[in-house]
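We name chains A, B, ... by the order of the sequence lines, and we start the count at 1 in each one.
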Amino acid sequence: MIPDDLEVIDFNRRLKSWYLENHRPLPWRETKDPYKIWLSEVILQQTRVAQGMPYYERFVEQYPTVFDLAAADERDVLRLWQGLGYYSRARNMHFTARQVANDHNGRFPETSEKLLKLKGLGQYTAAAIASFAFDEPVPAIDGNVYRVMARIFGIESDMLSNEGKKEFAAVARQLVSKDDPATYNQAMIEFGALQCVPASPNCMACIFKDSCFAYEHQMQGQLPVKIKKLTIKHRFLNYIIIRQGDRLVMHERRGRDIWKGLYDFLLIESKAPATNPDSLTILDPNFQNFLKKGRLTEVPKVYSHILTHQRLQVRFWWLEIPETERIDLPHGMAFYNHEEVEELPKPILIDTVLREENYL
DNA sequence: TAGACGTGGGA
DNA sequence: TTCCCAAGTCT
């Protein structure tokens, strides 16, 4: 199971030659700039290359250096991030940019140990940056690498458990090339992404088919072992889009719920689908007040939005307030004109609805 | 430390 | 439709 030194040398030689012939030319691989490498790594956390690529291009364009990102408003950073998901990545990235700019003269720490102290950088990302930008011989273990190691070396422990992670890390430390850790880590990741894919890998075309544990035992479908218990919560969200002229009432989401830092509308959450708005007045006294001042129209379509741990069923109502009415908004809520609404960071669901309703 | 955190794509 | 997955991290 644990490879000996000779096996490690052979493995590295084969892997590197595969990488040199087969890797994709990705922009963040053309640079040693730790800032750009960091941007790409954060963007790619739990994200496919195809999905992250346009965001990477836009961030580099908009914020060419860590100082540019540090100088930006968090709101604008979130807006540029809109649609990528896991928005804490954007908030942490912005925080870290300011820290690097202000406390480190714009220079990123050069070891994985120090990088690990920065917000938004865990074991994987710290190792990735340390090896890619500074050639530190540390293994960067992401989902691809877990899969490659589990299959080739037959590691059957749960990659999501702490003991499992330790076992993988121990093997990974043996494997990582001391001469060229940057290429080694890129190669492991790329090999997992292109050849040793999660579903139906083409093992006939694999350079390791003569020595792969999973192939030998036909366990490609069982490895790696991931034991996850995921409970899906169903929620019913009812949004009142208060509108006066071209202005909408929006507010920034705070607290521990989803979409923190993003903007949405007056939200009334119910325990069951709310078919008539009257039932919502009981749940929200503010709504009752607004209702008297305007005209309510329902958006007929019911939206379903799926998150990792939640399944959202969402309804929208427009509440049109005549220009002559003056209304008091609850704390944190404000009117935003058309241009401002466009510029605000919003959950993709909100953006979609505003487009489908021909507001944006 | 187990659970939470987005979105889109493919089988 | 439903499920799983995708360059993980935070609390």
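Annotation: side-chain hydrogen bond (donor to acceptor under 3.5 Å, both in side chains) contacts involving residues 201-214 of chain A, sequence neighbours excluded, comprise A/R14-A/D210.
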Contacts under 3.5 angstrom, residues 246-256 of chain A side chains, donor-acceptor by atom type, not counting sequence neighbours:
from: A/D246; atom 1: OD2; to: A/H338; atom 2: N; distance (Å): 3.3
from: A/R247; atom 1: NH2; to: A/Q244; atom 2: OE1; distance (Å): 3.1
from: A/H251; atom 1: ND1; to: A/D264; atom 2: OD1; distance (Å): 3.1
from: A/E252; atom 1: OE1; to: A/R254; atom 2: NH2; distance (Å): 3.0
from: A/R253; atom 1: NE; to: A/I258; atom 2: O; distance (Å): 2.8
from: A/R253; atom 1: NH1; to: A/D264; atom 2: OD2; distance (Å): 2.8
from: A/R253; atom 1: NH2; to: A/D257; atom 2: OD2; distance (Å): 3.2
from: A/R253; atom 1: NH2; to: A/I258; atom 2: O; distance (Å): 3.2

Enumerate, atom names and distances included, each donor-acceptor pair closer than 3.5 Å involving a side-chain atom of residues 271-286 of chain A, sequence neighbours excluded.
from: A/S279; atom 1: OG; to: A/N276; atom 2: O; distance (Å): 2.7
from: A/T281; atom 1: OG1; to: A/D278; atom 2: O; distance (Å): 2.6
from: A/D284; atom 1: OD1; to: A/N286; atom 2: N; distance (Å): 2.8
from: A/D284; atom 1: OD1; to: A/F287; atom 2: N; distance (Å): 3.2

Which atom pairs, donor and acceptor, lie under 3.5 Å between side-chain atoms of residues 307-319 of chain A and protein residues at least two apart or in another chain?
from: A/T308; atom 1: OG1; to: A/Y86; atom 2: OH; distance (Å): 3.4
from: A/Q310; atom 1: OE1; to: A/R235; atom 2: NH1; distance (Å): 2.7
from: A/W318; atom 1: NE1; to: A/E357; atom 2: OE1; distance (Å): 2.7

Show which side-chain atoms of residues 121-144 of chain A pair as donor or acceptor with protein atoms under 3.5 Å away, not counting sequence neighbours.
from: A/Y124; atom 1: OH; to: A/E41; atom 2: OE1; distance (Å): 2.8
from: A/T125; atom 1: OG1; to: A/Q45; atom 2: NE2; distance (Å): 2.9
from: A/S131; atom 1: OG; to: A/A127; atom 2: O; distance (Å): 3.1
from: A/S131; atom 1: OG; to: A/A128; atom 2: O; distance (Å): 3.1
from: A/S131; atom 1: OG; to: A/N185; atom 2: ND2; distance (Å): 3.0
from: A/D135; atom 1: OD1; to: A/K32; atom 2: NZ; distance (Å): 3.1
from: A/D135; atom 1: OD2; to: A/K32; atom 2: NZ; distance (Å): 3.2
from: A/E136; atom 1: OE1; to: A/S112; atom 2: N; distance (Å): 2.9
from: A/E136; atom 1: OE2; to: A/S112; atom 2: OG; distance (Å): 3.2
from: A/D142; atom 1: OD1; to: A/N144; atom 2: N; distance (Å): 3.1
from: A/D142; atom 1: OD1; to: A/V145; atom 2: N; distance (Å): 2.9
from: A/D142; atom 1: OD2; to: A/N144; atom 2: ND2; distance (Å): 3.0
from: A/N144; atom 1: OD1; to: A/R147; atom 2: NH2; distance (Å): 2.7
from: A/N144; atom 1: OD1; to: A/A193; atom 2: N; distance (Å): 3.4

Check residues 345-355 of chain A and write down every donor-acceptor pair under 3.5 Å in which the side-chain atom is one partner and the other belongs to a residue at least two apart or another chain.
from: A/K346; atom 1: NZ; to: A/V341; atom 2: O; distance (Å): 2.7
from: A/K346; atom 1: NZ; to: A/E342; atom 2: O; distance (Å): 3.3
from: A/K346; atom 1: NZ; to: A/L344; atom 2: O; distance (Å): 2.6
from: A/D351; atom 1: OD1; to: A/Q82; atom 2: NE2; distance (Å): 3.1
from: A/D351; atom 1: OD2; to: A/R355; atom 2: NE; distance (Å): 2.7
from: A/D351; atom 1: OD2; to: A/R355; atom 2: NH2; distance (Å): 3.3
from: A/T352; atom 1: OG1; to: A/I348; atom 2: O; distance (Å): 2.8

Filtered N/O pairs between nucleotides 8-11 of chain B and protein, under 3.5 Å:
from: B/dG8; atom 1: N2; to: A/R48; atom 2: NH1; distance (Å): 2.3

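Within the 4.0 Å cut-off from OP1 or OP2 of B/dC5, at least one side-chain nitrogen or oxygen of A/Q310 is found. Taking 4.0 angstrom as the limit, A/N92 places none of its side-chain polar atoms (N or O) nearer than this to OP1 or OP2 of C/dT9.
Classification of the A/Y35-A/F108 ring pair by plane angle, with boundaries at 30° and 60°, yields tilted.
The CD-P distance, from A/Q46 to B/dG3, rounds to 17 Å in whole Å. Going from atom CZ of A/R256 over to atom C1' of B/dC5 covers 13 Å, rounded to whole Å.
The stretch residues 113-143 of chain A comes close to DNA chain C through A/K119, A/G120, A/L121, A/G122, A/Q123, A/Y124, A/T125, A/D142, A/G143, each having a heavy atom under 4.0 Å from the strand.
Through chains of ILVMFWY side-chain contacts below 4.5 Å, A/Y215 is grouped with A/M204.
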